[in-house]
Enquirer: 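Dumping the structure here so I can ask a few things about it.
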Amino acid sequence: MPASERAIELLTAAAEAAHDKKAENVLAFDVSEQLAITDAFLVASASNDRQVRAIVDAVEEKLRVDFDAKPVRREGAREGRWVLLDYLEIVIHVQHDEERSFYSLERLWRDCPVIKLPSDVPGAGPDSGSASGSAE
């Protein structure tokens with residue numbers, strides 16, 4: 001079963017909020033077939049710790065204001081290198097560029113369908129990611 005409509009809405013809003021704070025290489029994956037605990041992952045990166053925190057704050061505010069959604073779990077915010085926001089339907093990973101390169105989450109989830117994001121979000125175009133297919 002593909003990612004829910006609500007998951008797609010949350011991902012899209014989160015991607016736009018991340019983009020507004022200059023997030024780089026924003027990708028979304030439908031992991032609903034591989035994981036029972038969530039429908040989708042959003043992965044974004046930034047070049048410094050302060051920017052990682054700014055992206056996380058913008059995403060949290062956007063989802064709280066527009067969807068009345070609050071993360072059930074938030075990890076890594078103090079360090080600002082890799083912050084995980086768990087909204088149950090979606091999990092958002094905002095990583096420092098170095099962590100993004102080292103852990104390469106997109107490589108780990110490359111067999112999952114890429115979820116198309118708005119075309120104005122960097123990294124969200126038709127060539128983004130190496131995963132095949134897309135969730136509608």
Enquirer: Do Val31 and Val91 come close enough that some side-chain heavy atom pair is under 4.5 Å?
Expert: no
Enquirer: Could you report the tightest heavy-atom contact between Ala18 and Val59, atom names first, then the distance?
Expert: N-CG2, 4.0 Å
Enquirer: Give, for atom CG of Leu11 and atom CG of Leu42, the distance between the pair rounded to the nearest 0.5 Å.
Expert: 5.5 Å
Enquirer: Does anything in residues 44-65 form a salt bridge (Lys or Arg N to Asp or Glu O under 4.0 Å)? List the pairs, not counting sequence neighbours.
Expert: Asp49-Arg81, Asp57-Arg74, Glu60-Arg74, Lys62-Asp66
Enquirer: For Leu63 and Leu85: C-alpha separation, side-chain torsions, deciding distance, then whether side-chain contact (heavy atoms from CB on, under 4.5 Å) applies.
Expert: CA-CA 11 Å; Leu63 297 184; Leu85 300 172; over 6 Å; no
Enquirer: May I have the step-by-step check of side-chain hydrogen bond (donor to acceptor under 3.5 Å, both in side chains) for Ser4 and Asp39, ending in yes or no?
Expert: CA-CA 7 Å; Ser4 70; Asp39 283 353; 3.2 Å; yes
Enquirer: Just by modelled atom types, is the Cys112 backbone N or O under 3.5 Å from a matching donor or acceptor in the Glu33 side chain?
Expert: no
Enquirer: Which residue pairs pass the ring pair (Phe, Tyr, Trp, His ring centres under 6.0 Å) test when at least one of the two sits in residues 31-70, sequence neighbours left out?
Expert: Phe41-His93, Phe41-Trp109
Enquirer: Are Leu117 and His19 packed together at the side-chain level, in the sense that at least one heavy-atom pair is separated by less than 4.5 angstrom?
Expert: no
Enquirer: Listed by chain and number, what are the side-chain hydrogen bond (donor to acceptor under 3.5 Å, both in side chains) partners of Glu75, not counting sequence neighbours?
Expert: Arg73
Enquirer: If you take all heavy atoms of Ala23 and Ala44, which pair is closest and at what distance?
Expert: CB-CB, 4.0 Å
Enquirer: Can you hop from Leu105 to Leu35 via hydrophobic side chains spaced under 4.5 Å?
Expert: yes
Enquirer: Run the side-chain contact (heavy atoms from CB on, under 4.5 Å) test against Glu5 and tell me which residues pass, sequence neighbours left out.
Expert: Glu9
Enquirer: Determine the minimum heavy-atom distance between Ala7 and Ile90, stating which atoms define it.
Expert: O-CG2, 3.6 Å
Enquirer: Where is the tightest heavy-atom contact between Lys70 and Tyr87, given as atom of each residue plus distance?
Expert: C-CE2, 3.5 Å
Enquirer: From Gln51 CD over to Ser45 OG, what is the distance, rounded to the nearest 0.5 angstrom?
Expert: 8.5 Å
Enquirer: Please name the pair of heavy atoms, one in Ala77 and one in Val83, separated by the smallest distance, quoted to 0.1 Å.
Expert: CA-CG2, 3.7 Å
Enquirer: Is it the case that the side chain of Asp30 and the backbone of Pro113 share a donor-acceptor pair, with hydrogens and angles ignored and the cut-off at 3.5 Å?
Expert: no
Enquirer: Decide whether Leu108 and Leu84 are clustered together by the hydrophobic rule: side chain heavy atoms of Ile, Leu, Val, Met, Phe, Trp, Tyr closer than 4.5 Å, transitively.
Expert: yes
Enquirer: Which value, rounded to the nearest 0.5 Å, describes the distance between Asn25 atom CG and Gln95 atom CD?
Expert: 10.0 Å
Enquirer: The criterion is ring-ring contact (aromatic ring centres under 6.0 Å, His included); which residues satisfy it with His96, sequence neighbours excluded?
Expert: none
Enquirer: Check Thr38 against Glu89 and note the closest heavy-atom contact, atom names and distance.
Expert: OG1-O, 3.0 Å
Enquirer: Show which residues join Leu88 in its hydrophobic cluster (side-chain heavy-atom contacts under 4.5 Å, direct or indirect), or state none.
Expert: Val72
Enquirer: Begin from the C-alpha positions of Asp97 and Glu24 and carry the test side-chain contact (heavy atoms from CB on, under 4.5 Å) through to its verdict.
Expert: CA-CA 9 Å; Asp97 288 338; Glu24 301 165 355; 3.4 Å; yes
